[in-house]
Amino acid sequence: MGAADSLRQSPRAREVLRRARSVPEGFVTTYGDLCPGAPRFAGMVMSACHDPTVPWQRIVRADGSLAKGDRQRRLLEAEGVPFRGARVDMRVAWADVESLID
DNA sequence: GTGATGACGGAAA
DNA sequence: CTTTCCGCCATCA
């Protein structure tokens, strides 16, 4: 896994993970919020990240849909994250990372 | 330098 | 409401 390792260490990747860690239990944020302008990069970073201190389940798509299916859904429901059908209810569960990061 | 990749976003149909 | 399509961009080989 050489590529994935470097990915995890680049400055931007670290920022993505820093923001991801700032999302409180019971809330979610989006790939676009983790990396404004390059949401796909945030996805790559999350994909390569196996760090247990990163709450990966709290990162969802902008429309509230999930990238990791039922596994992710179970974890979020256990935290009390509200759903509307198959999607997270972003109106009440979205956490603004811009105001959470230092 | 070029081209491929991806846990995306959003506009259009 | 759902699906399709195209733009975006850091990173890597």
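Below, chain A is the first sequence line, B the second, and so on; all start at residue 1. As the structure is a prediction and not an experimental result, all values here were calculated from the model.
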Nearest-Å distance, CZ (A/Arg87) to P (C/dT2)? 7 Å
I'd like the P distance from B/dA12 over to C/dC8, given in whole Å. 14 Å
In terms of the nearest nucleotide of DNA chain C, which residue is placed more toward the 5' end: A/Pro39 or A/Met44? A/Pro39
Between A/Ser10 and C/dT11, does any side-chain N or O lie under 4.0 Å from OP1 or OP2? yes
Atom CG of A/Asp63 to atom C1' of B/dA11: distance rounded to whole Å? 13 Å
Here the distance between atom P of B/dG9 and atom CD1 of A/Ile59, to the nearest Å, is 11 Å
Tell me whether the side-chain N or O atoms of A/Arg40 pair up with the base of C/dG7 as donor and acceptor below 3.5 Å, since no angle test is needed here. yes
Would you kindly give the CZ-to-P distance between A/Arg61 and C/dT3, to the nearest whole Å? 12 Å
Interatomic distance, A/Arg19 CZ vs B/dA7 P [rounded to whole Å]: 20 Å
Between A/Gln72 (side chain only) and A/Ile59 (backbone N and O only), is there a donor and an acceptor less than 3.5 Å apart? yes
Check the distance between C/dG7's P and A/Phe41's CZ and give it to me in whole angstrom. 23 Å
Length of the NZ-P vector between A/Lys68 and B/dG6, whole Å: 12 Å
Protein-nucleotide distance (A/Asp33, atom CG; B/dG9, atom C1'), rounded to Å: 12 Å
Looking at A/Leu100, A/Val97, A/Asp51, which hits side-chain contact (heavy atoms from CB on, under 4.5 Å) with A/Arg21? A/Asp51
Run the salt bridge (charged side-chain N to carboxylate O under 4.0 Å, His left out) test on A/Arg18 and A/Glu15 for me, step by step, so that the C-alpha distance in whole Å, both residues' side-chain angles and the decisive distance to 0.1 Å come before the verdict. CA-CA 5 Å; A/Arg18 184 171 79 91; A/Glu15 175 62 12; 3.0 Å; yes
Do the side chains of A/Arg91 and A/Asp89 get close enough for a salt bridge, i.e. N-O under 4.0 angstrom? yes
Please tell me which of the listed nucleotides, C/dC1, B/dG9, C/dC9, lies nearest to the side chain of A/Arg84? C/dC1
